[in-house]
Amino acid sequence: MNRIPSLLAGQLRSFTLHASQKHLIMAQRRKQFPFDEFEPEWQKHWDEQKTFSVPNPGDPGFDASKPKYYVLDMFPYPSGSGLHVGHPEGYTATDIITRYKRMNGFNVLHPMGWDAFGLPAEQHAIKTGEHPRINTENNINNFRRQLKSLGFAYDWEREVNTTDPGYVKWTQWIFLQLYNSYFCEEENKAKPIRELEEKGLSREEIDDRRLAYVAETPVNWSPDLGTVLANEEVEEWRAKGHTVERRPLRQWMLRITAYAQRLIDELEGLEWPTGIKLLQTNWIGRSDGAEVAFTIDGEKVTVFTTRPDTLFGATYMVLAPEHPLVDQITTDEQKDAVEDYKRTCAGKSDLERTELAKEKSGVFTGGYAINPVNDEKIPVWIADYVMMSYGTGAIMAVPAHDDRDNEFANKFEIPIIEVVEAPEGNEDACFTGNGTAINSGFLDGLSTPEAKAKISEWLQENGLGQKTINYKLRDWLFSRQRYWGEPFPIVWRDGNHEAIPESELPLLAPELEDYQPTGTPEPLLSKATDWVNLGDGVTRETNTMPQWGGSCWYYLRYCDAQNPDAPIGTEAEEYWMAKNGNPGGVDLYVGGTEHAVLHLLYARFWHKVLFDLGHVSTPEPFQKLVNQGLIMGEDGQKMSKSRGNVVNPDEVVDLYGADSLRLYEMFMGPLEQVKPWSMKGVEGVFRFLARVWRLVMDTDQEGVWELSEKLAEANPTKGTNKVVHATIRKVGDDIDSMSFNTAISQMMVCTNELTKLEQIPVSSVVTLLHLLNPFAPHLTEELNAKLAAAFDSVKNEDLAGQEWPAFDEACLIEDEIEIVLQVNGKVRDKMFIANDAPKEEVEKQAMESERVQSFIEGLTVRKIIVVPGRLVNIVAN
RNA sequence: GCCGACAUGGCGGAAUUGGUAGACGCAACGGACUUAAAAUCCGUUGAUCUUUUGAUCGUGCGGGUUCGAUUCCCGCUGUCGGUACCA
């Protein structure tokens with residue numbers, strides 16, 4: 001028995017509790033307050049009463065007079081290992097906001113769902129031969145149970161599952177919107193493809209402009225995963241040990257590049273962390289430069305450069321090894337070397353090319369190009385540090401002012417000509433910044449920006465080039481060869497693709513006899529020959545969509561989850577996704593940083609297309625974004641099974657209750673910050689909740705809980721009111737700024753004060769319960785119900801439906817305040833003085849302080865600074 | 001390499017617009033209650049010096065602005081995250 005404390009500390013850390021030990025601990029916990037009895041009851045109550053269901057406009061019970069607030073969590077992938085403690089971190093934060101906003105008179109939309117397509121379910125199917133739906137559903141049931149055991153205020157009637165036929169239907173429908181649209185450059189928006197048909201464009205011309213199009217491109221193919229991957233995904237799967245290689249394949253692409261500029265510009269009005277905005281901006285990677293035409297054997301070759309001002313310093317040219325001109329310009333003497341080099345490059349993926357980037361490599365083609373500014377003949381090389389997929393696949397190399405060119409020129413002994421003079425004091429071997437043009441003919445003496453402008457003008461006038469903008473962002477590779485994803489609503493007829501009629505949606509994948517990968521890039525669905533072949537040579541598209549498809553628009557579906565006629569009804573969309581003066585529809589979106597680029601960029605892209613086509617009313621999906629920080633293991637390392645430092649939320653709920661888990665995760669530190677788990681910390685907040693419990697409840701001689709005799713329907717004293725009202729103010733402010741940790745510490749202060757009282761005013765306790773309710777809903781509802789049963793002054797109604805307490809400024813004003821007395825900036829004394837004492841009086845009293853006197857003795861007072869209500873600083877020397 | 005964030009007691013972390021550094025919690029120590037323990041309650045706890053009153057130092061390091069800097073500016077160091085030949 002007496003080994004309990006060490007047993008607690010030790011066993012909880014490793015999480016291999018024997019049933020008997022757990023029972024022992026449970027017995028101890030129960031003594032403090034019976035969370036295990038009342039928590040499930042309140043969860044059942046909320047479920048049965050549908051406490052947190054919110055009606056849509058037009059539904060019975062909808063209150064149009066209330067403003068809306070849409071709080072969104074990043075929905076989880078329901079993995080087999082269940083909830084991780086990282087999930088409840090963000091989910092508790094949004095839950096607090098939800099409950100708080102409800103109490104402040106908002107209609108709050110706070111839904112949950114499942115991002116349920118995905119590779120693990122398919123791999124399970126490969127192993128067992130069982131349809132992935134079965135495993136997916138089991139996992140979802142487990143996740144739902146876990147979330148409900150934490151008492152989250154979700155509107156479960158709006159639950160969404162991306163694999164439901166009723167959801168797949170609309171994901172496919174949105175794909176068809178993309179398929180049937182093109183990007184109009186003049187109006188900078190998507191428009192229906194019909195317009196192009198009306199203009200009489202040919203089929204090929206139209207297909208070339210669709211937002212969803214087919215292209216034969218080099219893709220990232222993973223043989224062991226049996227699928228291709230988006231550029232953005234490659235790194236992740238490689239890190240997990242899968243091989244990814246480059247090979248050309250016919251694939252569906254989404255024209256996200258058309259939106260590159262809007263995706264940058266329209267970040268502006270969003271309340272997102274600046275880091276995330278920057279990440280997206282960098283990912284899109286706009287760079288402003290110029291295209292310049294060089295000539296090789298009378299043939300024009302265009303290069304892209306951001307530094308046209310250094311044109312006079314170009315001493316060689318580099319083409320990407322895949323550049324179409326390479327064969328043409330290669331001389332006979334160089335042919336073998338060039339062919340050789342091309343072959344080595346072709347075998348490497350983009351990634352390998354960059355990974356092995358330590359040392360520059362390249363081969364001279366034997367050809368020469370003419371520099372248009374000075375008619376100099378410069379050698380043309382091929383090198384893998386130039387990518388065919390960016391810019392024009394050709395560069396002018398200025399080794400004096402570009403690090404890469406510099407390294408290359410040094411290695412191959414190519415001349416280096418300085419054309420920009422660095423500002424004084426700069427000692428860089430290769431100066432890449434802004435300076436003054438030299439050795440540059442008509443540009444000499446100009447600053448870099450001036451030189452850029454002048455040369456651009458000159459190039460334009462002479463028909464040799466123009467200003468150009470390039471983006472790093474590539475079109476989005478949208479097809480996968482998996483089974484467990486949305487099939488494309490597309491058929492092939494005579495080598496052309498066409499959409500299937502909307503009436504045939506959803507198009508569901510047929511059951512397969514086995515889910516083994518084909519071992520080739522041939523998609524898994526091609527095994528279902530009956531399904532694929534529609535007769536008359538018409539066949540179905542056998543690729544499926546990536547997991548991102550479903551997660552790109554789930555926040556819209558929540559608004560109108562059951563709608564059979566549209567992805568989202570107009571009225572529901574206009575209410576929940578309303579502008580309210582902001583570009584984004586969802587008021588608050590909380591989730592991890594891992595989605596900073598991919599999901600958030602893809603979702604913004606889809607949303608913009610839907611906006612352009614008139615299906616949604618805001619240009620942006622998410623107004624405010626908050627990233628919760630990672631929760632590390634107790635050892636400060638990332639939680640992982642192999643390290644054995646994973647904390648299972650179920651265990652914590654078992655031992656300390658849902659409220660303790662919720663409260664602890666919020667008390668750990670600022671939401672956005674990375675922080676380590678501490679089981680002792682959980683015990684700390686657990687003790688706090690026990691103290692709140694004991695404010696209301698006490699045990700009689702038999703150890704049975706009964707209402708505390710200290711409670712009284714008495715008026716709180718001034719001191720009690722002060723702390724209670726200070727707490728009302730701070731908790732409200734802190735929830736608004738999402739500083740949950742400090743809100744909790746203030747409630748701890750308040751509880752400690754109330755605990756000290758001989759007679760505890762019921763009204764003060766009830767106020768505290770209101771404030772604590774969003775954080776610890778079970779305990780507070782339970783205590784409130786007990787108080788309501790005993791005292792007439794306590795409203796017999798769920799706290800969840802009550803109003804947030806208002807604070808009274810008058811309670812916070814004090815007659816006397818403490819003033820700090822400093823001499824030369826050092827605190828020497830403190831004094832109490834009337835709140836409204838005039839400055840002169842404060843100064844006078846400060847000078848009368850004996851301690852102050854002793855420190856200024858023998859010195860001349862130069863200055864006295866009085867900060868009202870805070871301090872007096874006497875400057876003397 | 002580049003971009004970003006961060007740096008405060010033994011630990012997690014507080015600190016309005018520059019104004020008492022260390023709130024709240026953990027851990028530790030002491031006390032009350034108890035046959036004993038647990039639980040609970042009360043107290044101490046940044047460092048150094050001092051018998052006490054108290055003094056000096058202290059927010060990664062070095063400088064600056066200021067009556068006053070954890071907060072603002074300049075220059076470093078370290079940690080974490082992202083990204084990588086994008087011309």
Side-chain angles (χ1 to χ4, degrees), chain A residues 1-5 8-9 28-29 31-32 235 273-276 278-279 281-283 285-287 289 303-307 310 318 350-351 353-358 360 383-387 389-398 402-405 407-408 470-474 593-594 596-597 629-630 636 664 667-670 672-685 687-688 690-691 694 733 739 741-749 752 755-756 818-830 851 862-865 867 869-877:
Chain A
M1 253 326 232
N2 60 3
R3 292 190 55 246
I4 291 239
L8 250 179
Q28 290 297 324
R29 300 297 117 190
K31 274 188 185 165
Q32 299 195 37
E235 207 41 62
T274 45
I276 302 293
L278 213 88
L279 224 54
T281 307
N282 291 342
W283 187 268
R286 173 184 165 125
S287 65
V303 304
F304 174 71
T305 177
T306 54
R307 292 296 300 271
T310 61
V318 186
D350 268 10
L351 271 152
R353 267 165 77 160
T354 57
E355 271 165 15
L356 303 170
K358 310 291 171 238
K360 288 279 178 293
D384 65 0
Y385 80 92
V386 174
M387 310 287 152
S389 51
Y390 182 77
T392 59
I395 62 156
M396 61 175 214
V398 185
D402 180 282
D403 289 323
R404 295 150 301 179
D405 299 345
E407 198 188 320
F408 192 87
N470 263 309
Y471 299 92
K472 286 186 209 171
L473 186 69
R474 300 294 139 79
T593 355
E594 66 272 18
V597 185
L630 214 58
Y664 172 64
F667 187 59
M668 289 172 89
E672 295 91 336
Q673 201 165 300
V674 179
K675 42 211 177 278
W677 186 268
S678 156
M679 229 9 117
K680 286 289 183 187
V682 182
E683 284 192 60
V685 294
R687 274 201 283 265
F688 161 64
R691 283 167 76 93
R694 285 197 307 270
D733 287 352
S739 311
N741 54 333
T742 49
I744 294 167
S745 69
Q746 180 62 39
M747 289 188 280
M748 287 173 168
V749 170
N752 291 345
T755 300
K756 282 180 197 156
E818 196 184 33
I819 296 278
V820 169
L821 306 182
Q822 295 184 334
V823 177
N824 290 331
K826 285 188 179 161
V827 180
R828 296 304 182 185
D829 201 4
K830 293 168 188 181
R851 293 197 32 79
R862 300 283 171 198
K863 204 170 174 185
I864 299 175
I865 289 141
V867 182
R870 288 210 172 263
L871 57 73
V872 178
N873 187 14
I874 296 148
V875 186
N877 62 7

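Because the structure is predicted, anything quoted here is derived from the model rather than measured. Chain naming here is simple, since letters A, B, ... match the order of the sequence lines and numbering starts at 1 in each. Excluded from the calculations below are hydrogen atoms, water molecules and symmetry mates; all remaining heavy atoms, backbone and side chain alike, are included.
B:rG60 and B:rU52 are spaced 31 Å apart, taking the P atom of each and rounding to whole Å. For the C1' atoms, the distance from B:rU50 to B:rA55 is 8 Å, rounded to whole Å. Nucleotides B:rC6 and B:rU17, compared at atom P, are 16 Å apart to the nearest Å. Atom name C1', nucleotides B:rU48 and B:rG58: the rounded distance is 11 Å, in whole Å. Annotation: B:rA28 and B:rG12 have their C1' atoms spaced 16 Å apart (nearest Å). Distance noted for atom C1' between B:rA21 and B:rA14: 10 Å (whole Å). For the P atoms, the distance linking B:rG62 with B:rA69 amounts to 15 Å, nearest Å. B:rG9 and B:rA15 have their C1' atoms separated by 15 Å, with the value rounded to a whole Å.
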Test A:Val685 against A:Met748 for side-chain contact (heavy atoms from CB on, under 4.5 Å), laying out the working first. CA-CA 9 Å; A:Val685 294; A:Met748 287 173 168; 4.2 Å; yes
Check step by step if side-chain contact (heavy atoms from CB on, under 4.5 Å) holds for A:Ile819 and A:Leu821. CA-CA 6 Å; A:Ile819 296 278; A:Leu821 306 182; 4.1 Å; yes
For side-chain contact (heavy atoms from CB on, under 4.5 Å), just list the numbers for A:Val875 and A:Asn824, CA-CA rounded to whole Å, side-chain angles, deciding distance to a tenth of an Å, and then say yes or no. CA-CA 5 Å; A:Val875 186; A:Asn824 290 331; 3.8 Å; yes
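Between A:Gln822 and B:rG19, a side-chain N or O to OP1/OP2 separation shorter than 4.0 Å is absent. Between B:rG12 and A:Lys675, no contact under 4.0 Å exists linking OP1 or OP2 to a side-chain N or O. In this structure, A:Tyr385 does not reach the B:rA87 phosphate: none of its side-chain N or O atoms is under 4.0 Å from OP1 or OP2.
In this structure, the CD atom of A:Glu818 is 14 Å from the C1' atom of B:rG19, given to the nearest Å. Distance, A:Met747 CE to B:rA14 P: 15 Å, rounded to whole Å. If you take NZ of A:Lys472 and C1' of B:rC3, they are 10 Å apart, rounded to a whole angstrom. One interatomic measurement links the two molecules: CG of A:Asp403 to P of B:rA84, which rounds to 18 Å at whole-angstrom precision. In this structure, the CZ atom of A:Phe304 is 6 Å from the P atom of B:rA87, given to the nearest Å. Straight-line distance from the CZ atom of A:Arg694 to the P atom of B:rU40: 6 Å, rounded to whole Å. Atom C1' of nucleotide B:rG19 and atom CG of A:Asp829 are separated by 17 Å, given to the nearest angstrom. Whole-Å rounding puts the A:Asp733 CG to B:rA15 P distance at 12 Å.
B:rG9 takes the syn form, because its glycosidic angle lies no more than 90° either side of 0.
Taking the side chain to side chain contact (heavy atoms under 4.5 Å, CB included) definition, one finds that A:Ser287 meets it with A:Phe304, A:Thr306, A:Tyr390, A:Asn470, sequence neighbours left out. Taking A:Thr742 as the reference, A:Asp734 meet the side-chain hydrogen bond (donor to acceptor under 3.5 Å, both in side chains) condition, with sequence neighbours excluded. Evaluation of the ring pair (Phe, Tyr, Trp, His ring centres under 6.0 Å) rule for A:Phe408 yields A:Tyr316, A:Trp381, A:Tyr385, A:Phe412 as partners, not counting sequence neighbours. Residues forming a salt bridge (charged side-chain N to carboxylate O under 4.0 Å, His left out) with A:Arg687 (at least two apart in sequence, or on another chain): none. Residues satisfying the salt bridge (charged side-chain N to carboxylate O under 4.0 Å, His left out) test with A:Arg307, not counting sequence neighbours, are A:Asp309. Considering only residues two or more places apart in sequence or on other chains, A:Lys756 meets the salt bridge (charged side-chain N to carboxylate O under 4.0 Å, His left out) condition with A:Glu753. Under the side chain to side chain contact (heavy atoms under 4.5 Å, CB included) criterion, A:Leu630 pairs with A:Met632, A:Lys638, A:Val674, sequence neighbours left out. A:Asp405 is linked by a salt bridge (charged side-chain N to carboxylate O under 4.0 Å, His left out) to nothing, counting only residues two or more places apart in sequence or in another chain. Considering only residues two or more places apart in sequence or on other chains, A:Arg851 meets the side-chain hydrogen bond (donor to acceptor under 3.5 Å, both in side chains) condition with none of them.
Side-chain atoms of A:Asn873 lie closest to B:rC67 of the nucleotides B:rA39, B:rC67, B:rU83. The listed nucleotides are B:rA87, B:rG82, B:rG4; the one nearest the side chain of A:Thr305 is B:rA87. If you check B:rC85, B:rC67, B:rG19 against the side chain of A:Leu871, the one that comes closest is B:rG19. Side-chain proximity of A:Asp384 to B:rA87, B:rC85, B:rU20: nearest is B:rC85.
Counting non-hydrogen atoms under 4.0 angstrom, A:Val674 reaches the backbone sugars and phosphates but no base. Nucleic acid contact class of A:Pro670 (heavy atoms, under 4.0 Å, all strands): sugar-phosphate only. A:Arg862 comes within contact range of no nucleotide atom at all, as no heavy-atom separation falls under 4.0 Å. Counting non-hydrogen atoms under 4.0 angstrom, A:Val820 reaches a base of the nucleic acid.
When the nearest nucleotides of RNA chain B are assigned to A:Ile865 and A:Gln673 by heavy-atom distance, the more 5′-ward of the two goes with A:Gln673. Residue-to-nucleotide proximity on RNA chain B shows that, of A:Gly275 and A:Gly391, the 5′-proximal contact is made by A:Gly275.
Within the model, atoms CE of A:Met679 and OH of A:Tyr664 stand 8.5 Å from one another, a figure rounded to the nearest 0.5 Å.
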Report, one pair per line, the protein and nucleotides 23-33 of chain B atoms (nitrogen or oxygen only) whose separation is under 3.5 Å.
residue : atom : partner  : partner atom : Å
B:rG25  : OP1  : A:Asn752 : ND2          : 3.3
B:rC26  : OP1  : A:Arg687 : NE           : 3.0
B:rC26  : OP1  : A:Arg687 : NH2          : 2.9
B:rA27  : OP2  : A:Arg687 : NH2          : 3.4

Tabulate atom names and distances for all N/O pairs under 3.5 angstrom spanning the protein and nucleotides 54-58 of chain B.
residue : atom : partner  : partner atom : Å
B:rA55  : OP1  : A:Arg851 : NH2          : 2.9
B:rU56  : OP2  : A:Arg828 : NH1          : 3.1
B:rC57  : OP2  : A:Lys826 : NZ           : 3.3

If you write RNA chain B from 5' to 3' in dot-bracket form, with Watson-Crick or G-U pairs under 3.5 Å, [ ] for crossing pairs and | for pairs with another strand, what do you get? (((((((..(((......[....))).(((((.......))))).((((....))))..(((((..]....))))))))))))....
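Counting all heavy atoms, side chain and backbone alike, A:Val386 lies closest to A:Ala394 at CG1-N, 4.1 Å.
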